[in-house]
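Take a look at the structure below.
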Amino acid sequence: MDTEAQHTERDRSSRPEQEAVEGRSRFALVARITEWLPGGRISLTLLVCLVFLLILNAFVVQPFQIPSGSMEDGLRIGDRVLVNKLAYRFGAEPRRGDVVVFDGSGYFGNADYIKRVVGVGGDRVVCCDKEGRIEVNGRSVDESAFLYPGDSPSTVPFRVVVPDGTLFVLGDHRSDSSDSRDHLGSPGGGMIPVVDVIGRADWIVWPTAHWTRLNRPGAYARVPASASATAGGGHG
């Protein structure tokens with residue numbers, strides 16, 4: 001007698017029974033939970049959705065409401081943006097031109113802020129060139145595509161070298177923005193540690209009439225890497 005074949009046949013025939021038992025157990029567990037919860041299946045569905053949203057908010061995307069006019073005209077008071085919290089999680093770093101949300105505690109104030117990255121670690125940022133434009137690593141940046149109408153790039157002259165691991169940030173509405181320029185004499189010199197960046201603002205999602213994707217301006221993409229960044233691999 002081929003006992004091995006018999007064992008194999010019994011094993012195969014038992015699998016559907018085991019799967020059926022496991023399926024009934026899971027169904028029974030769900031049934032017990034729905035009996036225990038007020039509202040039954042509706043409450044359970046809402047609870048699962050809530051947990052999913054909490055996980056999404058904690059690790060993937062987070063809504064952020066624009067609190068001031070410092071990023072006008074592109075971002076208006078009351079607009080809601082989606083912040084991509086994975087943008088800088090896997091080796092990527094903020095780039096010039098990115099709009100980022102960061103924790104300003106100890107630097108700007110005990111709150112979250114949204115600004116545009118103008119300089120990254122190693123950059124030399126100067127205001128202003130002969131035409132009144134901000135200069136990064138020797139290249140003048142044309143900010144007219146997003147700068148608030150009528151604003152100059154800065155009425156405050158400055159010349160800074162951004163330390164590694166930090167960012168120099170400005171609001172698009174320069175005449176109504178408290179940003180790195182206003183904290184040059186404060187601890188940290190107005191620079192924001194990259195580790196305090198919550199994420200990159202990628203979409204305006206409310207109001208629906210203002211729905212749009214926030215793209216990185218080409219003017220910053222053309223800025224050359226700093227000498228230190230070139231030696232170490234560079235920033236995009």
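- For R139 against P224, the heavy-atom pair with the smallest separation is CB-CD, 3.7 Å.
- Taking each heavy atom of P217 and G97 in turn, the nearest pair found is CD-O, 3.5 Å.
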- Verify side chain to side chain contact (heavy atoms under 4.5 Å, CB included) between V99 and L75, making sure each step is shown before the conclusion. CA-CA 10 Å; V99 176; L75 299 176; 4.2 Å; yes
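- D179 places a side-chain N or O within donor-acceptor distance of the main-chain N or O of G171, the cut-off being under 3.5 Å.
- Every residue two or more places apart in sequence or in another chain that forms a side chain to side chain contact (heavy atoms under 4.5 Å, CB included) with C127 is listed here: I134, S154, F158.
- In terms of the side chain to side chain contact (heavy atoms under 4.5 Å, CB included) criterion, residue partners of S144 (sequence neighbours excluded) are, by chain and number, D142.
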- Chi angles and distances behind the side chain to side chain contact (heavy atoms under 4.5 Å, CB included) call for V125, V162: CA-CA 8 Å; V125 186; V162 184; 4.1 Å; yes
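- A side-chain donor-acceptor contact under 3.5 Å links D79 to the backbone of R76.
- Note: the hydrophobic cluster containing V223 does not contain V117 (ILVMFWY, side chain heavy atoms under 4.5 Å, direct or indirect links).
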- Query: Run the side chain to side chain contact (heavy atoms under 4.5 Å, CB included) check on I204 and L214 step by step: do they pass?
  - Reply: CA-CA 7 Å; I204 302 174; L214 300 174; 3.9 Å; yes
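- Looking at R174 and E143, a side-chain N of the basic residue comes within less than 4.0 Å of a carboxylate O on the acidic one, giving a salt bridge.
- Between the CG atom of L167 and the CG atom of D123 there is a distance of 9.5 Å, given to the nearest 0.5 Å.
- Note that CD1 of I198 and NZ of K85 are 7.0 Å apart. Values are rounded to the nearest 0.5 Å.
- Between D73 and H173, the side chains place no donor N or O within less than 3.5 Å of an acceptor N or O (distance only, hydrogens not considered).
- Side-chain contact check for R96 versus V120: some heavy-atom pair is nearer than 4.5 Å.
- Side-chain contact check for D172 versus Y148: every heavy-atom pair is 4.5 Å or farther apart.
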- Item | Criterion side chain to side chain contact (heavy atoms under 4.5 Å, CB included) on R116 and D98, from CA distance to verdict | CA-CA 6 Å; R116 190 178 298 277; D98 286 354; over 6 Å; no
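- The two atoms that bring G138 and E135 nearest to each other are C-CG, 3.6 Å, heavy atoms only.
- Take S70 and apply the side chain to side chain contact (heavy atoms under 4.5 Å, CB included) test, not counting sequence neighbours, and it matches S68, K115, S177.
- Listed by first then second residue, pairs satisfying ring pair (Phe, Tyr, Trp, His ring centres under 6.0 Å) with a partner in residues 61-93 number zero, not counting sequence neighbours.
- For S178 against D182, the heavy-atom pair with the smallest separation is CA-OD2, 3.3 Å.
- Using a 4.5 Å heavy-atom cutoff, the side chains of T166 and I192 are not in contact.
- Sorted by first and then second residue, the ring pair (Phe, Tyr, Trp, His ring centres under 6.0 Å) pairs involving residues 186-206 (not counting sequence neighbours) are W203-W211.
- Distance check: M191 CE to S186 OG gives 11.5 Å after rounding to the nearest 0.5 Å.
- Checking N137, V136, V160 one by one against R124, the side chain to side chain contact (heavy atoms under 4.5 Å, CB included) holds for a single residue, N137.
- Nearest heavy-atom pair, G122 versus S226, reported as atom, atom and distance to 0.1 Å: O-CB, 3.1 Å.
- In the hydrophobic clustering of this structure, V194 groups with V169; members are Ile, Leu, Val, Met, Phe, Trp, Tyr whose side-chain heavy atoms approach within less than 4.5 Å, directly or through other members.
- A continuous path of hydrophobic side-chain contacts links V141 to F168 [ILVMFWY only; heavy atoms under 4.5 Å].
- The CG atom of D176 sits 7.0 Å away from atom CD of E72, with the distance rounded to the nearest 0.5 Å.
- Here the shortest heavy-atom pairing between P153 and R181 reads O-NH1, 4.1 Å.
- The number of heavy atoms from other shown groups lying within 6.0 Å of CZ (R159) does not exceed 12.
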Without placing hydrogens or testing angles, list every side-chain donor-acceptor pair under 3.5 Å for residues 106-114, not counting sequence neighbours.
unit_1, atom_1, unit_2, atom_2, d
Y113, OH, F108, O, 3.3

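- A 4.5 Å side-chain heavy-atom check between N84 and D202 finds at least one atom pair inside the cut-off.
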